Amino acid sequence: MTSVVISGTGLYRPPHVITNAELVEAFNAYAALQNEKHAAAIAAGERAPIVPSSVEFIEKASGIQRRYVIDKEGVLDPTRMYPRFAERPDDQISLMAEIGADAARQALAAAGKTGAQVDMVLCAAANMQRAYPAMAIEIQQAIGAGGYGFDMNVACSSATFALEQAVNAVRAGTANCVLIVNPEITSAHLEWRDRDCHFIFGDVCTALIVERADTATSADQWEVLGTKLATQFSNNIRNNFGFMNRSEDSDPNARDKTFRQEGRKIFKEVVPMAAAHIEGHLASLGIEPSAVRRYWLHQANVGMNHLVVKKLVGQEAGSDVAPLILDEYANTASAGSIIAFHEHHADLPAGSLGVVCSFGAGYSVGSVVVRRK
Ligand code: CO8
């Protein structure tokens with residue numbers, strides 16, 4: 001079987017940071033404005049007041065300290081509470097493709113490849129800017145790649161699901177060098193006016209180069225030993241935004257047209273699902289969970305990651321075993337586990353085993369077992 005490696009990674013980090021203190025200040029200003037506007041209805045008991053948010057809650061419940069965003073001003077404007085992006089003409093590169101191409105160029109440089117050597121581009125993310133033409137094809141053009149490209153969406157598991165498609169394509173000989181990008185502009189589909197989830201997400205874009213081991217020249221190669229994907233239907237993470245909204249005569253600004261979740265239920269259901277998935281995948285490869293040097297896990301909640309690793313290795317594992325990037329980046333949907341891999345793999349010696357694992361909406365779980373060459 002053709003040996004396949006991850007030979008380069010890239011990371012686009014947006015220019016603006018929002019701290020929890022700034023976020024809570026904006027949310028509480030929004031709440032005060034709304035409560036003032038609806039004071040009569042609130043006094044009459046017809047409407048519940050908006051309860052303020054708190055930095056302490058956010059840090060204790062999630063582990064998130066701050067997040068990067070492409071536009072800060074719109075998000076923190078209490079009369080707006082979502083980012084402001086200028087509409088671009090059709091002859092200008094789209095925002096998703098622009099940050100995708102930026103991360104892609106970094107991954108190409110790390111892998112020692114040119115855009116022209118890429119023959120498959122996967123744009124894998126939790127939301128797409130438009131239906132068509134595919135952002136992947138726009139990125140293909142921007143970097144001068146050949147072959148073909150397409151967009152794919154498996155929410156927070158988009159990157160690991162794309163990794164399996166890339167590995168299979170290289171093994172089957174339908175591609176030699178695959179670029180995966182995960183442009184996650186979560187700020188555009190997060191409901192910043194909802195206290196239960198306004199702190200959760202951040203913007204970012206990651207990129208990976210996946211290629212035949214016999215063509216790879218990078219000093220930093222990770223052989224893919226196996227990939228395993230699973231899905232199981234759940235309504236606990238949902239977004240009803242879609243192309244049929246107009247025909248349904250539904251309100252485009254209704255709460256269900258942005259991200260919403262049942263955070264407690266997800267926590268309870270997804271932790272055992274992810275741990276069992278990883279354990280089963282490792283067992284199929286004859287690997288004990290304790291033999292894995294590093295777990296690069298999906299970054300949604302610090303407690304979730306601690307519990308997944310504890311179920312696997314039977315003890316509290318520190319950040320050396322399962323690095324956290326959540327404190328700095330928040331949840332970046334499909335990019336989270338890839339940021340963890342990008343930032344925390346260089347110190348490991350040849351032969352080290354690692355697992356990249358995502359879990360999220362669908363539900364979906366994807367794991368990729370790798371070994372440093
Ligand atoms: N400030 C102060 N208090 C608050 C706040 C706040 N901001 N929010 C809630 N509270 C209060 C609640 O009102 C509640 O009060 P009470 O006990 O009086 O009723 C109390 O705090 C506890 O609330 P919760 O039970 O909701 O709090 P939790 O401890 O469960 O923490 C979390 C909430 C952090 C959301 C936690 O449940 C969690 O992280 N769960 C897992 C979430 C997760 O993994 N989600 C995955 C979603 S992402 C994904 O898969 C990708 C989707 C596609 C991307 C979309 C991009 C936009």
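Computed from a predicted model, the values in this text were never measured in an experiment. Order of appearance sets the numbers: ligands from 1, and atoms from 1 within every ligand.
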Taking ring-ring contact (aromatic ring centres under 6.0 Å, His included) as the criterion, tell me which of F201, F241, W192, Y82 meets it with F259. F201
Got a sec, which residues hit side chain to side chain contact (heavy atoms under 4.5 Å, CB included) with R47, two or more places apart in sequence or on another chain? H38, A41, I42
Answer yes if L229 and I287 sit in the same cluster of Ile, Leu, Val, Met, Phe, Trp and Tyr residues linked by side chain heavy atoms under 4.5 Å apart, and no otherwise. no
Using a 3.5 Å cut-off on N/O to N/O, what pairs does ligand 1 make with the protein? A line per pair would be great.
unit_1: ligand 1; atom_1: 1 (N); unit_2: S54; atom_2: N; d: 3.1
unit_1: ligand 1; atom_1: 3 (N); unit_2: R195; atom_2: NH2; d: 3.1
unit_1: ligand 1; atom_1: 7 (N); unit_2: S53; atom_2: OG; d: 2.9
unit_1: ligand 1; atom_1: 7 (N); unit_2: R195; atom_2: O; d: 2.9
unit_1: ligand 1; atom_1: 8 (N); unit_2: R195; atom_2: O; d: 3.4
unit_1: ligand 1; atom_1: 13 (O); unit_2: R195; atom_2: NH1; d: 3.1
unit_1: ligand 1; atom_1: 25 (O); unit_2: R264; atom_2: NE; d: 3.4
unit_1: ligand 1; atom_1: 29 (O); unit_2: R264; atom_2: NH2; d: 2.9
unit_1: ligand 1; atom_1: 30 (O); unit_2: R264; atom_2: NE; d: 2.8
unit_1: ligand 1; atom_1: 37 (O); unit_2: G263; atom_2: O; d: 3.3
unit_1: ligand 1; atom_1: 39 (O); unit_2: N301; atom_2: ND2; d: 2.7
unit_1: ligand 1; atom_1: 40 (N); unit_2: G263; atom_2: O; d: 3.1
unit_1: ligand 1; atom_1: 45 (N); unit_2: Q261; atom_2: OE1; d: 2.8
unit_1: ligand 1; atom_1: 50 (O); unit_2: A361; atom_2: N; d: 3.0

Side-chain heavy atoms of Y363 within contact of V270, under 4.5 Å: yes
Can you find a pair of side-chain heavy atoms, one from I139 and one from L179, that are under 4.5 Å apart? yes
Just by distance, no angles: are the side chains of E98 and Y12 close enough, under 3.5 Å, to form a donor-acceptor pair? no
